[in-house]
Amino acid sequence: MVWWHRLASVVSIGLMVWASSAWAGDASPQALPNVLPTTEIAPGVFYHAGAQAEENRENGGDIANIGFIVGSRCVAVIDTGGSPAVGAALRRAVEARTTTPICYVINTHMHPDHVLGNRAFVSDGTRFVGAAGLSRALASRASTYLDRLSESLDVHTDSSWIVLPDQTVSNQMTLDLGERTLRLRAWPTAHTDNDLTVFDEKTGTLWLGDLLFVDRVPSIDGSITGWQSALDKLAARTDIVHAIPGHGPVDGRWPTVLDPEIRYLNAIEHGVREALDHGRGLRWAQDHVAQDERDRWLLFDEYNPRNVTAAYTELEWQ
């Protein structure tokens with residue numbers, strides 16, 4: 001039984017009752033603008049840069065790069081932020097730019113800073129799209145995410161914050177926005193086990209979600225070797241004009257924008273393999289692996305030990 005689709009339907013039906021003010025009861029941090037500022041990086045392609053920080057009361061969960069693409073027939077939103085308040089501010093940004101209806105909300109993976117604004121977009125005719133594994137992954141962690149965010153954002157959270165996909169991508173899919181085609185691709189386990197990229201053929205713009213971090217240290221929640229493989233495949237592409245990372249500034253230098261992340265993941269893999277070869281334990285690896293990278297990344301101390309743990313757990317059985 002695909003119970004998560006039933007959960008999505010129940011949530012959506014409940015929200016329809018008050019869709020005209022779906023986010024009215026959410027406490028919005030003073031620092032969060034009423035309308036998210038967006039940059040038109042290519043004709044009809046708008047993105048908002050999230051804060052390079054952990055979610056907190058001051059940023060209201062606005063820590064991921066999110067945005068939207070406007071076609072002649074409809075709009076596709078790419079990720080929605082880390083709270084319904086962020087999603088509402090993004091929706092107002094769409095409405096400030098165009099009267100074209102929103103047909104799709106596409107989530108690049110299940111992490112809360114990318115999906116918990118979905119609730120602001122629940123309405124008739126809007127489809128929620130994600131990789132095939134997203135519903136299972138998000139549903140399994142929903143209570144943990146909501147409990148953590150209730151504390152870090154200092155707001156009331158509940159199950160209505162979780163809006164799951166009603167359309168899933170197992171391999172590839174195309175979406176027609178009207179005079180604009182989006183190519184969606186689901187990836188084997190990499191950053192997570194439900195990564196999805198979105199390519200706008202009209203402008204050569206690729207939304208990578210968290211397959212790409214710029215300046216902020218990457219976080220491994222899937223497979224380090226799978227992520228390395230995905231980056232190798234991405235680096236071979238020659239049709240990318242603009243690349244939008246999940247975190248960090250947009251850098252037009254493709255594919256060299258991938259190089260720092262590739263270097264970091266290689267350092268984690270090499271260091272962990274060396275520790276395993278010499279019989280060194282996980283604690284030693286957490287303290288020593290990839291320390292040369294420390295001054296090159298934001299939030300390194302928060303995430304590097306977790307990354308080493310994930311890689312160690314994966315590689316010790318190879």
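Here the structure is a predicted model, which means the values were calculated and not measured.
Judged as a salt bridge (charged side-chain N to carboxylate O under 4.0 Å, His left out), and not counting sequence neighbours, R185 has no contacts.
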Would R216 and E302 count as a salt bridge (charged side-chain N to carboxylate O under 4.0 Å, His left out) here? Give the steps. CA-CA 11 Å; R216 174 176 172 154; E302 289 82 355; over 6 Å; no

* To do: Output, in order, the C-alpha distance, side-chain angles, deciding distance and verdict of side chain to side chain contact (heavy atoms under 4.5 Å, CB included) for L138 and L164.
  => CA-CA 8 Å; L138 179 55; L164 302 174; 3.6 Å; yes

Stepwise, does the salt bridge (charged side-chain N to carboxylate O under 4.0 Å, His left out) test hold for R180 with E201? CA-CA 7 Å; R180 183 167 232 138; E201 294 181 343; over 6 Å; no

- side chain to side chain contact (heavy atoms under 4.5 Å, CB included) between V308 and V272: does it pass, once the steps are laid out? CA-CA 7 Å; V308 171; V272 168; 4.2 Å; yes

- Task: Quick one: do I224 and E314 satisfy side chain to side chain contact (heavy atoms under 4.5 Å, CB included)? Show the steps, please.
- Result: CA-CA 8 Å; I224 185 169; E314 176 183 348; 3.4 Å; yes

Going through the checks in order, is the side chain to side chain contact (heavy atoms under 4.5 Å, CB included) test met by Y264 and N307?
CA-CA 10 Å; Y264 173 74; N307 291 336; 2.9 Å; yes

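Salt bridge status for R73 with E179: absent, with no side-chain N to carboxylate O gap under 4.0 Å. Using a cut-off of 4.0 Å between Lys/Arg side-chain N and Asp/Glu carboxylate O, D287 and R283 are scored as salt-bridged. Taking 4.0 Å as the cut-off between side-chain N and carboxylate O, R237 and D239 count as a salt-bridged pair.
Residues V198 and L134 are members of separate hydrophobic clusters, defined by side-chain heavy-atom contacts under 4.5 angstrom among Ile, Leu, Val, Met, Phe, Trp and Tyr. Both W297 and L212 belong to a common hydrophobic cluster when Ile, Leu, Val, Met, Phe, Trp and Tyr are linked at side-chain heavy-atom distances under 4.5 angstrom. When hydrophobic clusters are built by joining Ile, Leu, Val, Met, Phe, Trp and Tyr residues whose side-chain heavy atoms come closer than 4.5 Å, directly or via intermediates, L231 is grouped together with I268. Placement of V94 and L182 in two distinct hydrophobic clusters is found when ILVMFWY residues are connected by side-chain heavy-atom separations under 4.5 Å, directly or transitively. Taken together through direct or relayed side-chain contacts under 4.5 Å among Ile, Leu, Val, Met, Phe, Trp and Tyr, W207 and V75 form parts of separate hydrophobic clusters.
Residue E151 qualifies as open at atom CD: its count of foreign heavy atoms under 6.0 Å is 12 or below. For CG of D147, the number of neighbouring non-hydrogen atoms (other residues, nucleotides, ligands) closer than 6.0 Å is greater than 12.
In terms of modelled atom types and a separation under 3.5 Å, the side chain of N107 and the main chain of H109 share no donor-acceptor contact. Side-chain atoms of R92 come within 3.5 Å of backbone atoms of N34 as a donor-acceptor pair (strictly under, hydrogens ignored). Side-chain atoms of R183 do not come within 3.5 Å of backbone N or O of M173 as any donor-acceptor pair. Within the 3.5 Å criterion, the main-chain N or O of E54 finds a donor-acceptor partner in the side chain of N59. The backbone N or O of N266 lies less than 3.5 Å from no partner atom in the side chain of H270, so there is not a single donor-acceptor pair. In this structure, the side chain of T256 engages the main chain of R253 through a donor-acceptor pair within 3.5 Å. Under the 3.5 Å distance criterion, the side-chain polar atoms of D193 are left unmatched by any main-chain donor or acceptor of P188. Of the possible polar contacts, none joining the W187 side chain to the W227 backbone as a donor-acceptor pair under 3.5 Å is found. Within the 3.5 Å criterion, the main-chain N or O of H191 finds a donor-acceptor partner in the side chain of D195. A donor-acceptor contact shorter than 3.5 Å links the side chain of D166 to the backbone of F128.
Centroid-to-centroid, the aromatic rings of H111 and H247 stay 6.0 Å apart or farther.
In plain terms, the two heavy atoms of A88 and A120 that are nearest each other are N-CB, 3.4 Å. Nearest heavy atom pair, residue G133 against residue N194, reads C-CB, 3.7 Å. Residues Y312 and A285 come closest through the heavy atom pair CD1-CB, 4.0 Å. When all heavy atoms are compared, the tightest approach of V289 to A267 is CG1-O, 4.0 Å. The shortest non-hydrogen separation linking G71 to T100 is O-CG2, 3.8 Å. Closest approach of G82 to L149, counting heavy atoms only: O-CD1, 4.2 Å.
Judged purely by distance below 3.5 Å, without hydrogens or angles, the side chains of D200 and T203 pair a donor atom with an acceptor atom. Checked by atom type, the side-chain pair S152/N56 shows no donor-acceptor distance below 3.5 Å. Side chains of R306 and Q286: a donor-acceptor N/O pair is absent below 3.5 angstrom, by distance only. Neither side chain, T225 nor E269, offers a donor N or O lying under 3.5 Å from an acceptor on the other.
L116 CG to E55 CD: the interatomic distance, rounded to the nearest 0.5 Å, is 9.5 Å. Within the model, atoms OG of S150 and CH2 of W161 stand 8.0 Å from one another, a figure rounded to the nearest 0.5 Å. Atom CZ in R127 sits 12.0 Å away from atom CD1 in I106 (nearest 0.5 Å). We find the CG-CG distance between D113 and N65 to be 10.0 Å, quoted to the nearest 0.5 Å. Distance check, rounded to the nearest 0.5 Å: NE2 of H242 to OG1 of T205 gives 4.5 Å. Rounding to the nearest 0.5 Å gives a distance of 11.5 Å between OG of S160 and CG of N118.
In this structure, R91 forms no cation-pi arrangement with F68, as its terminal cationic atom is not both closer than 6.0 Å to the ring centre and no more than 45° off the ring axis.
With contacts defined as side-chain heavy-atom distances shorter than 4.5 Å, the pair T108/D210 does not qualify. Using a 4.5 Å heavy-atom threshold, the side chains of R57 and L153 count as separate. Between Y47 and I66, the closest side-chain pair of non-hydrogen atoms is not below 4.5 Å. Looking only at side-chain heavy atoms (C-beta outward), F213 and S219 come within less than 4.5 Å of each other. Side-chain contact between L175 and T181 is absent, with no heavy-atom pair separated by less than 4.5 Å. Contact annotation: the side chain of V105 approaches that of T80 to within less than 4.5 Å [non-hydrogen atoms, C-beta and beyond]. Residues R294 and N304 have side chains not in contact (no heavy-atom distance under 4.5 Å, counting atoms from C-beta outward). The side-chain heavy atoms of R119 and I162, taken from C-beta on, include no pair separated by under 4.5 Å.
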Hey, can you pull the donor-acceptor pairs under 3.5 Å for the side chains in residues 35-45, sequence neighbours left out?
unit_1: T38; atom_1: OG1; unit_2: R97; atom_2: NE; d: 3.3
unit_1: T38; atom_1: OG1; unit_2: R97; atom_2: NH2; d: 3.3
unit_1: E40; atom_1: OE2; unit_2: G44; atom_2: N; d: 2.8

